[in-house]
Amino acid sequence: MMHVRSLFVSLLPAPGTASPTERLRASGGALLGLFVTGAGAHFLLGADAIWLVAPMGASSVLLFCLPASPLAQPWSVIGGNVISALVGAACVRWLGDVLPMPALAAVGAALAIAAMFTTRCLHPPGGAAALTAVIGGPAVHAAGFAFPLGPVLIDSLLLVGAAIVYNNLTGRRYPQRQAPVHPNPHATKDDVPTVRLGFRPEDLDAVLQRYGQVLDISRDDLEALFLATEMRAYQRRFGVITCGDIMSKDVVTAEFASPLAEAWQALRGHRIAALPVLNPARRVIGIVTQGDFLQHGGLDDYRTLRTRLAAFLRPSGLSHTEKAEVVGQIMTAKPRVAQADTPIVDLVPLMADAGLHHIPVVDCEGRFVGIVTQSDVVAALYEHRLAEAAGPA
């Protein structure tokens, strides 16, 4: 009896990691998505026509619960459902008098899967669309190819449209676009620093090629999970150093209305490369760097650099002018910020790969408390590893 119970428990899936909020978000998305799809198809096709097909229920699970899945992307949903239904309709048209219904259903589903692989639109509900075209009854058979090109196509388009709007409004990026693999911010052929050690993209590609099976996760998301796991393992092995441990606290800052000349003098006088821009509540609204001065001042000719910089910094004296006069007009708005308790290893990809040199640090209320630079992170990691190598005193 215990053996049977253990076997039963071993067959149960692992507990889900989705939060109650995420479960409610996904369920609400399916409710709204299917309602919009059904109402729209009913209006377009009429009450007497086939206006909502069963595979849309399965598609809604992927679109709203797993919007990052390769199986849930627009081409997968639309192409997978329509092409599979076309395959099913073709089987009924040309093999309906040859094969018995059970065999016809199996052939239709199998050919639909092969077609989805070939057209790169694998979508599990597509198998149901093919079966519906085969065993849907006289009304579906009478519709013929109008079934996949009518209700299946319209339902798929409406459901995907609803998913695009709902997922993005509720904080889920959809559709997922294939991102460049670790683009170098300096436009050179070198790999970004975080992939020069540890596993490399080609390592992941080789493993996926050898694995040779369908994964319900995009390559980009899988790589991001591996990188996050690497950082987590590093923290467990070497301890956690937070931004609050290493940040500079006595920081020179600017306001939106700070004159450009004043901000430039602060940069030069303190020999720093960036100024956080704060509002009166000490919340970060931007960051201004030496590069912003060069970019907005048109300082690309070294022979006239001094003259151009002086003209750029000099107030115009006019009440209305197109010339930038204050920091807020040239700053980078809404910069990336970190919490004081953020582990510094979380900043490594931002600084090493994205090319950020300064990251403002805020407290739990969003107020500015310090800044972390690339030099701070390098020094902290060096000192920490040095202490680990030295061992206990």
Side-chain angles (χ1 to χ4, degrees), residues 182-188 190 192-194 243-244 246-316 321-340 342 344 346-363 366-381:
H182 301 293
N184 192 307
H186 306 296
T188 64
D190 285 330
V192 292
T194 56
C243 293
I246 68 168
M247 69 183 181
S248 300
K249 299 178 181 178
D250 183 17
V251 181
V252 181
T253 63
E255 298 179 353
F256 186 98
S258 297
L260 294 180
E262 178 183 310
W264 178 258
Q265 290 170 3
L267 289 174
R268 299 293 291 170
H270 291 274
R271 297 183 179 181
I272 53 179
L275 293 175
V277 184
L278 312 181
N279 66 13
R282 291 192 62 77
R283 288 186 168 84
V284 180
I285 60 172
I287 191 167
V288 63
T289 68
Q290 291 181 356
D292 292 323
F293 281 87
L294 297 177
Q295 177 185 354
H296 290 273
L299 307 175
D300 52 356
D301 186 349
Y302 72 92
R303 292 169 297 183
T304 60
L305 180 59
R306 183 182 297 275
T307 302
R308 287 173 177 264
L309 179 59
F312 179 62
L313 298 179
R314 187 183 306 116
S316 65
T321 175
E322 295 183 359
K323 176 184 174 296
E325 299 276 336
V326 297
V327 166
Q329 294 174 286
I330 68 170
M331 70 181 184
T332 300
K334 298 180 180 179
R336 295 293 296 266
V337 300
Q339 297 285 333
T342 299
I344 63 171
D346 291 353
L347 306 186
V348 171
L350 297 176
M351 290 184 163
D353 297 351
L356 301 183
H357 298 272
H358 311 80
I359 298 181
V361 182
V362 299
D363 60 17
R367 290 185 172 84
F368 177 76
V369 293
I371 194 167
V372 174
T373 68
Q374 285 182 333
S375 300
D376 296 330
V377 173
V378 170
L381 292 176

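The structure displayed is predicted, hence computed values, not measured ones.
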Revision key, fill the gap. Applying salt bridge (Lys or Arg N to Asp or Glu O under 4.0 Å) to Arg336 and not counting sequence neighbours gives none
Exercise for review: With sequence neighbours left out, write down each residue that passes side-chain hydrogen bond (donor to acceptor under 3.5 Å, both in side chains) with Thr373, or none if nothing qualifies.
Suggested key: Asp376
Point to revise | Atom of Val327, atom of Val288 and distance for their closest heavy-atom approach | key: CG1-CG1, 3.9 Å
Check your understanding: In Å and rounded to the nearest 0.5 Å, what is the CD to CG distance from Gln339 to Asp346?
Key -> 11.5 Å
Exercise for review: Grab the two heavy atoms, one from Cys243 and one from Ile344, that are nearest each other, plus how far apart they are.
Suggested key: N-CG2, 3.9 Å
Show me the donor-acceptor pairs, under 3.5 Å and distance only, between side chains in residues 253-263 and residues at least two apart or in other chains.
{"from": "Ser258", "atom 1": "OG", "to": "Glu255", "atom 2": "N", "distance (Å)": "2.8"}
{"from": "Ser258", "atom 1": "OG", "to": "Glu255", "atom 2": "O", "distance (Å)": "3.2"}

Point to revise | Taking every non-hydrogen atom, the tightest pair across Leu347 and Ile359 | key: CD2-CD1, 4.0 Å
Exercise for review: Looking only at non-hydrogen atoms, find the nearest pair between Ala266 and Val252 and report the distance.
Suggested key: CB-CG1, 4.1 Å
Would you give me the side-chain donor-acceptor pairs under 3.5 Å for residues 271-282, sequence neighbours excluded?
{"from": "Asn279", "atom 1": "OD1", "to": "Ala281", "atom 2": "N", "distance (Å)": "3.0"}
{"from": "Asn279", "atom 1": "OD1", "to": "Arg282", "atom 2": "N", "distance (Å)": "3.1"}
{"from": "Asn279", "atom 1": "OD1", "to": "Arg283", "atom 2": "N", "distance (Å)": "2.9"}

Revision key, fill the gap. Shortest non-hydrogen pair, Gly286 vs Pro335, comes out as CA-CD, 3.5 Å
Review point. About how many Å separate CD1 of Ile287 and CE of Met331, when rounded to the nearest 0.5 Å?
Key: 11.0 Å
Check your understanding: Do the non-hydrogen side-chain atoms of Thr332 and Asp292 ever get within less than 4.5 Å of each other?
Key -> yes
